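Notes for the one structure printed next.
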Amino acid sequence: MMEKYHETDADLKDLSGKTIAVIGYGSQGRGQSLNLKDSGLNVIIGIRAGKSRDLAKKDGFATYDVAEAAKKADVIMILVPDETQAAVYKAEIMPYLTENKCLMFSHGFNIHFGQIVPPANVDVIMVAPKGPGHMVRRTYEEGKGVPALIAIEQDHTGNAKKFALAYAKGIGATRAVVLETTFREETETDLFGEQAVLCGGVTSLIKAGFDTLVDAGYAPEMAYLEVLHEMKLIVDLIYEGGFTKMREAISNTAQYGDITRGPRVIGEESYEAMREILYEIQSGEFAKEWILENMVNRPVFNALTRADEEHLIEEVGSELRAMMPQFKKN
Ligand SMILES: NC(=O)C1=CN([C@@H]2O[C@H](COP(=O)(O)OP(=O)(O)OC[C@H]3O[C@@H](n4cnc5c(N)ncnc54)[C@H](OP(=O)(O)O)[C@@H]3O)[C@@H](O)[C@H]2O)C=CC1
Ligand SMILES: CC[C@](O)(C(C)=O)C(=O)O
């Protein structure tokens with residue numbers, strides 16, 4: 001069984017008196033920084049000039065160029081996008097990564113696939129929230145937390161685990177649960193989840209359902225409400241209480257269709273596709289493809305993103321959401 005940690009296993013004092021530089025102020029950077037600050041820790045932001053820096057300033061943080069922040073800090077959490085981390089690290093962090101500093105990540109991609117190779121005389125740690133940055137912030141404000149993974153790649157000071165747990169507590173994760181894993185396990189499972197199930201799997205399932213109904217002559221609005229809008233309501237029930245709670249809430253007719261027809265949609269062919277996707281991750285093939293894609297300005301990323309933005313489901317969805325008060329922006 002995995003090691004699991006909760007509030008009483010972590011002590012914020014292990015990071016008090018230390019300067020934590022959060023590098024990047026996007027989804028995770030903003031969520032984590034605000035939580036750490038509200039937990040009483042000393043946070044500065046390393047960020048290039050632009051929208052993110054303006055927002056960090058507006059949120060009350062001291063902001064610096066990345067190199068200056070890295071120089072000032074005892075703990076450096078890298079939260080720029082995975083594909084830019086290696087360049088930012090080499091030019092602006094590595095020169096200031098002196099003995100006993102602590103280098104942190106929220107995803108293991110660059111360490112596991114060898115794009116960043118830190119010196120041996122620093123700690124290298126991961127604290128990876130299992131949820132988007134705005135939820136890291138929102139749940140913290142509600143007095144709860146998003147679960148997180150911790151992993152220790154290098155423990156030069158002998159205190160790496162205490163730092164990881166204190167950081168996890170600072171962002172609110174110990175209010176939920178913190179699991180200890182490795183950089184490899186986090187990287188491979190995270191990539192698999194987002195490709196095959198959470199992001200790639202779900203959007204492909206929704207598109208397939210929508211296209212099937214529309215191609216058969218049903219109104220796109222009907223198809224949208226059926227396969228996308230209701231998706232969240234069903235997933236919320238599964239999230240709260242597993243398949244059992246969801247099945248208690250739906251009709252017997254729906255449950256019979258679920259258990260007899262669902263497995264026909266995700267049959268042996270889909271399991272085979274999932275095994276292939278996992279192998280591409282484990283073998284480094286996906287990492288290589290993504291690194292090279294970025295070197296040539298993302299032609300595939302841009303073309304496929306544009307095609308999905310132009311899909312009918314997006315047009316119908318924005319029209320219907322605009323009519324529903326729960327989607328109105330404040
Ligand atoms: N998104 C998520 O919820 C999750 C992300 N993670 C991990 O967290 C890390 C950060 O991802 P995410 O929060 O999505 O990133 P975002 O894309 O949301 O934010 C990136 C931030 O980095 C800044 N930035 C980009 N390039 C540079 C640069 N060259 N120098 C300085 N700052 C730069 C951006 O600023 P600007 O506005 O100037 O572009 C922005 O503030 C990744 O390792 C990711 O895998 C882990 C779990 C979930
Ligand atoms: C599911 C996507 C994710 O892995 C996440 C929010 O945890 C990501 O990297 O953004």
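Both counts, for ligands and for their atoms, begin at 1 and track the order of listing. A quick note: this is a predicted structure, and the numbers were derived from the prediction, not measured.
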(request) Give a yes or no on whether a salt bridge exists between Glu142 and Arg138, defined as a side-chain N under 4.0 angstrom from a carboxylate O. (result) no
(request) Counting heavy atoms only, name the option from Pro81, Ala67, Ala69 that's nearest to atom 25 (C) of ligand 1. (result) Pro81
(request) State whether any protein heavy atom lies less than 4.0 Å from atom 5 (C) of ligand 2. (result) no
(request) May I ask you to check if ligand 1 and Ser52 share an N or O to N or O distance below 3.5 Å? (result) yes
(message) To check your reading of the model: name the closest protein heavy atom to atom 38 (O) of ligand 1, its residue, and the distance in Å.
(response) Arg48 NE, 2.9 Å
(message) Using a 3.5 Å cut-off on N or O atoms only, is Lys51 in polar contact with ligand 1?
(response) no
(request) Quick one: which residue pairs count as a salt bridge (charged side-chain N to carboxylate O under 4.0 Å, His left out) with a foot in residues 15-26, not counting sequence neighbours? (result) none
(message) What protein heavy atom lies closest to atom 33 (C) of ligand 1? Include the residue and the distance to one decimal.
(response) Val80 CG1, 3.5 Å
(request) Compute the shortest N/O to N/O distance between Gly26 and ligand 1 and return yes if it is under 3.5 Å, no if not. (result) yes
(message) Is the positively charged end of Lys101 above the ring of Tyr96, judged by distance under 6.0 angstrom from the centroid and angle within 45° of the axis?
(response) no
(request) State, yes or no, whether a side-chain contact exists between Lys207 and Asp308 at a heavy-atom distance under 4.5 Å. (result) yes
(message) Can you see whether Ser106 engages Gln28 through a side-chain donor-acceptor pair at a distance of less than 3.5 angstrom?
(response) no
(request) Output the list of atoms in ligand 2 that are nearer than 4.0 Å to some heavy atom of Pro132, sorted by atom number. (result) 6 (C)
(message) As an exercise, identify every atom of ligand 1 less than 4.0 angstrom from a heavy atom of Gly133.
(response) 3 (O)
(message) Students should be able to answer this: which protein heavy-atom is nearest to atom 44 (C) of ligand 1, and at what distance?
(response) Asp82 OD2, 3.6 Å
(request) Answer yes when Asp11 and Lys162 have at least one side-chain N-carboxylate O distance shorter than 4.0 Å, and no when they do not. (result) no
(request) Report yes if Val88 has an N/O atom closer than 3.5 Å to an N/O atom of ligand 1; otherwise report no. (result) no
(request) Number the atoms of ligand 2 from 1 as they appear, then name those within less than 4.0 Å of a heavy atom of Asp190, with their elements. (result) 4 (O)
(request) Output yes when Lys130 and Asp190 qualify as a salt bridge under the 4.0 Å nitrogen-oxygen rule, no when they do not. (result) yes
(request) Report yes if some heavy atom in the side chain of Arg137 is under 4.5 Å from a heavy atom in the side chain of Asn35; otherwise report no. (result) yes
(request) Would you mind checking which non-hydrogen protein atom is closest to atom 23 (C) of ligand 1, with the distance to 0.1 Å? (result) Ile47 CD1, 3.7 Å
(request) List the closest protein heavy-atom neighbour of atom 2 (C) of ligand 1: residue, atom name, distance to the nearest 0.1 Å. (result) Gln28 NE2, 3.5 Å
(request) Identify, for atom 7 (O) of ligand 2, the protein heavy atom at the shortest distance, and state residue, atom and that distance. (result) Gly131 N, 4.1 Å
(request) Would you mind reporting whether Phe210 and Leu312 have side-chain heavy atoms less than 4.5 Å apart? (result) yes
(message) I need the nearest protein heavy-atom contact for atom 46 (C) of ligand 1: residue, atom name and distance, please.
(response) Ser106 O, 3.5 Å
(message) Is it true that Tyr64 and Arg53 share a donor-acceptor pair across their side chains at a distance under 3.5 Å?
(response) no
(message) Under a 4.0 Å threshold between the charged nitrogen and the carboxylate oxygen, would Lys232 count as salt-bridged to Asp236?
(response) yes
(message) Suppose we measure from atom 14 (O) of ligand 1 to each protein heavy atom; which comes out shortest, and what is that distance?
(response) Ser27 CB, 4.0 Å
(message) Please list the nearest protein heavy atom to atom 9 (C) of ligand 1 with its residue and the distance rounded to 0.1 Å.
(response) Leu79 CD2, 3.8 Å
(request) Can you figure out which of Gln28, His134, Glu194, Lys130 has its heavy atom closest to atom 3 (C) of ligand 2? (result) Glu194
(request) Check whether any protein heavy atom sits under 4.0 Å from atom 10 (O) of ligand 2. (result) no
